[in-house]
Amino acid sequence: MAMNAIDPQAIIAGQRRALAKAITLAESQRPEDREASQTLLNAVLPHTGNSIRVGITGVPGVGKSTFIEAFGLHLLARGHRVAVLAVDPSSPIAGGSLLGDKTRMEQLSRQDNAFIRPSPAGSALGGVALKTRESMLLCEAAGFDVILVETVGVGQSEHQVAAMVDFFLVLMLPGGGDELQGIKKGIVELADAIVINKADGSSENLAAITQRHYAGALSLLKHPGFWQPEVTTCSALKNQGIDAVWRMIESYREQAGARGAIDSQRAEQNLAWMRQLIDELLRARVRDHPAVKEALAALENDVRQAVVTPLAAASEIVRLGQS
Ligand code: GDP
């Protein structure tokens, strides 16, 4: 066995060390690691899919980690095994992190039946989403039956997360319109549920008003399919309304399951993912081709000097990349 080989049986047996190593392998950029990781993923693939995949987004400060801590502990108490993965749009760009810098979900992280993995650093957003999908499969193979994928409601990451989960939950603050919430247009359309957090103390009334506002807004949107997105309130800090969020997800799962809607949504997601991967693989193949590496600087210079059109240069690069 190669040094980096991981026994698929150890993952299927739920060994945390093996799972953590497998995710590290999946996150690696080295070609030999990529290959070992794909072999491992193929070996565990028959053991994946037995989870409910829940995406959770919201602006910094809305209470994502507080919510996930309370929600995760609630799920553990009900006998579930919970994995928390993060897609952090800030880590590849700034080197900093919106998720995972501070000590987050301290109680949850100490539980045997919880597994928390921060966002992989140092790769493009598409790459982060790809690695998170692979990590999700590994967690499922290891027997985690609820996968929470957390992301910050800025940029494109929430679209990527919505495209890899069964149920997408948007956390919001009491009060304020979409702009004040920092919520980009389109996020509400992605939501299967909006949960107004911090519905406690002096904010309780405002949370109820906000709930009605979004319930009204959602009822005006045309939703394809059977599920009408719901709006609830909770206090992650006081552990109120957390159980109702889980009941709602269970209800979704029952209704969707009866219609085969989760399987068909996952099938569509896999197809979309495959198409995205084709683009990325082709791009990588062209970019890494020796002939392209050799010619690139000169062609870029020609484009800069406007002696060659961008299309002509791009065509030449793609041609070289296929040689
Ligand atoms: P994140 O950036 O979205 O992960 O937010 P955090 O979970 O770190 O929470 C940001 C701040 O809001 C912290 O000071 C929390 O204690 C506080 N907070 C989170 N949930 C609640 C809640 O339900 N009620 C109140 N009053 N504060 C909360």
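Quick caveat: nothing in here was measured; it's all calculated off a predicted structure. Whatever order the structure lists them in is the order used to number ligands and atoms, beginning at 1.
- For ligand 1, the polar-atom distance check against L237 finds a nitrogen or oxygen pair separated by under 3.5 Å.
- In this structure, R34 contributes its side chain and A26 its backbone to a donor-acceptor pair below 3.5 Å.
- D145 places no side-chain N or O within 3.5 Å of a backbone atom of H80 that could act as its donor or acceptor partner.
- No heavy atom of G58 sits closer than 4.0 Å to any atom of ligand 1.
- Classification of the W227-Y252 ring pair by plane angle, with boundaries at 30° and 60°, yields perpendicular.
- The nearest pair of heavy atoms linking L108 to I68 is CD2-O, 3.7 Å.
- Atoms of ligand 1 found under 4.0 Å from any heavy atom of S65, numbered from 1 in the order shown, are 4 (O), 6 (P), 7 (O), 8 (O).
- Using a 3.5 Å distance cut-off with no hydrogens or angles, the side chains of S251 and Q255 do pair a donor with an acceptor.
- Every atom of ligand 1 with a heavy atom of V59 under 4.0 Å away is listed here by number and element: 3 (O).
- Checked against a 3.5 angstrom limit, the closest N/O atoms of G63 and ligand 1 fall inside it.
- Connectivity analysis of hydrophobic side chains (ILVMFWY, heavy atoms under 4.5 Å, direct or indirect) links L299 to V286, V292, L296, I317, L320.
- Looking at E150 next to ligand 1, no N or O pair under 3.5 Å apart turns up.
- No N or O atom of A199 sits closer than 3.5 Å to an N or O atom of ligand 1.
- Per-residue contacts place N197 under 4.0 angstrom from the following atoms of ligand 1 (heavy atoms of the residue considered): 20 (N), 21 (C), 23 (O).
- Not one N or O of F67 is nearer than 3.5 Å to an N or O of ligand 1, by distance alone.
- Atom numbering of ligand 1 starts at 1 in the shown order; those under 4.0 Å from a heavy atom of P60 are 2 (O).
- Remark: Q305 engages N301, V307 in a side chain to side chain contact (heavy atoms under 4.5 Å, CB included) (not counting sequence neighbours).
- Ligand 1 places these atoms under 4.0 Å from at least one heavy atom of K64: 1 (P), 2 (O), 3 (O), 4 (O), 5 (O), 7 (O).
- Remark: the backbone N or O of I196 is not paired with any side-chain donor or acceptor of T210 at under 3.5 angstrom.
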